[in-house]
Protein chains: 2
Amino acid sequence: MRAMSPPVGLPVLAESDLVRQVARRLTDAIVQGQLAPGAKVAEAAVARELGISRAPVREAARLLESQGLLKASPRRGFFVRELSAQDVDELYDLRLCVERHAAVEAARRLTPALRAALRRQLDLMRELARRDDPATIVEADYQFHRLICEAAGNARMLRLFDGLASELRIVIGLIGRLYDDPREIARTHEPVLAAIEAGHPERIVAHVDHHLGVARREVVRLVRSLTPTPRETRRQIP
Amino acid sequence: MRAMSPPVGLPVLAESDLVRQVARRLTDAIVQGQLAPGAKVAEAAVARELGISRAPVREAARLLESQGLLKASPRRGFFVRELSAQDVDELYDLRLCVERHAAVEAARRLTPALRAALRRQLDLMRELARRDDPATIVEADYQFHRLICEAAGNARMLRLFDGLASELRIVIGLIGRLYDDPREIARTHEPVLAAIEAGHPERIVAHVDHHLGVARREVVRLVRSLTPTPRETRRQIP
DNA sequence: TAGGCGTCGATTGTCGACACTTTCAGCTTG
DNA sequence: CAAGCTGAAAGTGTCGACAATCGACGCCTA
């Protein structure tokens, strides 16, 4: 036989891993709003549509369940997670914990390359804001925050951030337009980057807190607007 | 319509959810050290042993994979996660983020009941330390921290904490004895509780930082002692 | 007419089967 | 004697099937 797989390791095509592919498809469908919160994810239907059997679909659903994107209801199936205002609050509390640390750590490790990447991302947001392209702005916003988390050099923290962002996009993806004035996004990010560049921990924390606080209020408002009346039970007055 | 089903509805009978049960069994086996890091988890063997088919085992393994307890190696199966010193560092960074927030929040919401529970837990640790019962001390330690996270009132944060604790117990469970002097555990927890009772945010953060810093060093030392030589590749000198 | 009950279709939970890979022991070879 | 090759055994990835269960529809009963 040949001398071991030549280290050409290039296009590992067709990973036979259907589970990952299904998980990715479902995730995309959810964060892009094609699958609305509360929607049922019938495994048979998904399997038919993808031309595969139900087993990989079930396993993928389990993955997404433990990521919080789906909710398993025994004997009834999987449903797209519905987020309440409290869920959003919880998610932002976690983001605060994570991003405070990530931003401080990113500042400590700030390299010219990272700094350039962050500034580029901020410019991109400004540009998109000028064009008023709400969907891609949300994406650019996400990438900015992700860069910071990546720079902190903690793989688990990055995965956690990705998970939190995915969950949040369950609701954010529904509309795409988050801020009334898109340019506000760039405005609230600017001081964060400035603080990171200055390398002043307390200031970094303060600005991250402020920025996420603004974002949290926006998303909570969005969620509240999506659940018209928080009525408990439809009850008619006799 | 009537006042709905009379409030009798109580004894929720066990859902026949094999996946949950398998996941729990595997988790227990891992954190209790019956399945050592790096050990292969052969689905066929597990299924045989439990007298069920492979499908539920696979789904349970997926759950544990996304929790970080198992690692999936395509076409080769699932393996118990191996933790490096850097993994431990990452986990403790995350714990720091979470527990700082949780402790401050717990102090803000401190009730007499919670305070009593925490103090009771601390007393328990002291008692166990006197008896020199390393295994249960680790468990009591975990419960103390968990109480604080629970008190913060963020379900996701609690789940995150549980996940982090599980991962850490992959290595901690191996030995059971973490501190050279068990009584040191109670000693390093005491100021944390005192700070929470005092309700002084900065002091809380400082003491949580210190306590987790000590614990981190202990666990890193433990991990280092478990991986005798961090050799990269076994290579013979020609 | 409103509410309860039984039946039917659809879906889930679980199983056994099959093809393809990986692993490993034994044999061959330089 | 070590290293490489060969074949079989074991294990994974995926599939289709079957029983149990859930939800809905329609019928029966006060």
Side-chain angles (χ1 to χ4, degrees), chain A residues 1-6 9 12-26 35 38-66 70-80 233-238, chain B residues 1-6 8-9 11-26 35 38-66 70-80 233-238:
Chain A
M1 191 158 287
R2 273 206 309 277
M4 264 287 215
S5 55
V12 185
L13 91 105
E15 330 153 33
S16 72
D17 204 349
L18 285 186
V19 176
R20 310 269 171 214
Q21 298 180 33
V22 175
R24 170 154 243 162
R25 290 250 194 149
L26 285 178
L35 280 171
K40 179 175 176 58
V41 179
E43 33 186 271
V46 174
R48 255 197 313 273
E49 190 163 340
L50 299 178
I52 60 179
S53 79
R54 283 169 46 216
V57 177
R58 280 181 66 89
E59 292 183 31
R62 291 288 177 197
L63 276 177
L64 269 58
E65 178 201 359
S66 67
L70 293 181
K71 181 167 171 7
S73 181
R75 298 276 173 202
R76 293 172 21 93
F78 292 93
F79 299 83
V80 178
T233 322
R234 191 164 316 205
R235 173 193 294 233
Q236 296 200 349
I237 304 170
Chain B
M1 67 186 65
R2 215 192 24 248
M4 267 295 206
S5 57
V8 188
V12 183
L13 69 111
E15 333 158 27
S16 75
D17 204 346
L18 283 188
V19 177
R20 309 271 171 211
Q21 297 180 37
V22 175
R24 172 153 241 163
R25 291 251 193 148
L26 285 178
L35 282 172
K40 179 174 175 59
V41 179
E43 36 187 88
V46 174
R48 258 197 311 272
E49 191 163 341
L50 299 178
I52 60 178
S53 79
R54 282 169 45 215
V57 177
R58 281 181 65 88
E59 291 183 32
R62 293 286 177 199
L63 277 176
L64 268 58
E65 180 200 358
S66 69
L70 293 183
K71 182 168 173 5
S73 181
R75 294 275 173 205
R76 294 172 20 96
F78 292 92
F79 299 83
V80 178
T233 322
R234 191 164 318 204
R235 174 192 293 232
Q236 296 200 347
I237 304 169

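Computed from heavy atoms alone, side chains included, the values below leave out hydrogens, waters and symmetry copies.
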* Rounding to a whole Å, what distance do you find between Glu59(A):CD and dC15(C):P? -> 14 Å
* Within the structure, does a side-chain N or O atom of Lys40(B) lie under 4.0 Å from either OP1 or OP2 of dT12(D)? -> yes
* Just compare dG11(D), dC15(D), dT21(D) and give me whichever is closest to any side-chain atom of Arg75(A). => dT21(D)
* To the nearest Å, give me how far apart CG (Leu70(B)) and C1' (dT12(D)) are. => 15 Å
* To do: For the residue pair Val22(A) and Ile52(A), establish whether any side-chain heavy-atom pair is separated by less than 4.5 Å.
  => yes
* Rounded to the nearest angstrom, tell me the gap between atom CG in Leu63(B) and atom P in dG13(C). => 13 Å
* To do: Report the nucleotide, chosen from dG13(D), dT14(D), dC15(C), that has the shortest atom-to-atom distance to any side-chain atom of Val19(A).
  => dT14(D)
* **Closest listed nucleotide, where the reference is the side chain of Arg76(A) and the choices are dG13(D), dT12(C), dG23(D)** => dG23(D)
* **Atom pair CG/CG of Leu35(A) and Leu70(A) - distance to nearest 0.5 Å** => 8.5 Å
* Asked: What integer distance in Å separates Arg48(A):CZ from dG16(D):C1'?
  -> 14 Å
* Look at the side chain of Arg54(B) and the base of dG13(D), then say whether one donor and one acceptor between them are separated by less than 3.5 Å. => yes
* Ile52(A), nearest nucleotide to its side chain (from dT23(C), dC15(D), dT14(C)) -> dC15(D)
* Between dC15(C), dT14(D), dT12(D), which nucleotide has the shortest distance from any of its atoms to the side chain of Ala42(B)? -> dT12(D)
* Asked: Once you round to the nearest 0.5 Å, how far does CZ of Arg58(A) lie from CZ of Phe78(A)?
  -> 6.0 Å
* **Phe79(A) CZ to dT11(C) P, straight-line distance once rounded to whole Å** => 12 Å
* **Nearest-0.5 Å distance, CD of residue Glu65(A) to OG of residue Ser66(B)** => 9.0 Å
* To do: To the nearest Å, give me how far apart CZ (Phe78(B)) and P (dT22(C)) are.
  => 16 Å
* To do: Give a yes or no on whether a salt bridge exists between Glu59(B) and Arg54(A), defined as a side-chain N under 4.0 angstrom from a carboxylate O.
  => no
* Select one nucleotide: of dT12(C), dC15(C), dT12(D), the one nearest the side-chain heavy atoms of Arg58(A). => dT12(C)
* Structure fact -> Result for 5'-nearest mapping on DNA chain D, choosing between Gly51(A) and Ala45(B), is Ala45(B)
* Asked: In whole angstroms, how far is the C1' atom of dT21(C) from the CD atom of Glu43(B)?
  -> 13 Å
* **Value in whole Å for how far the P atom of dC15(D) lies from CG of Leu50(A)** => 10 Å
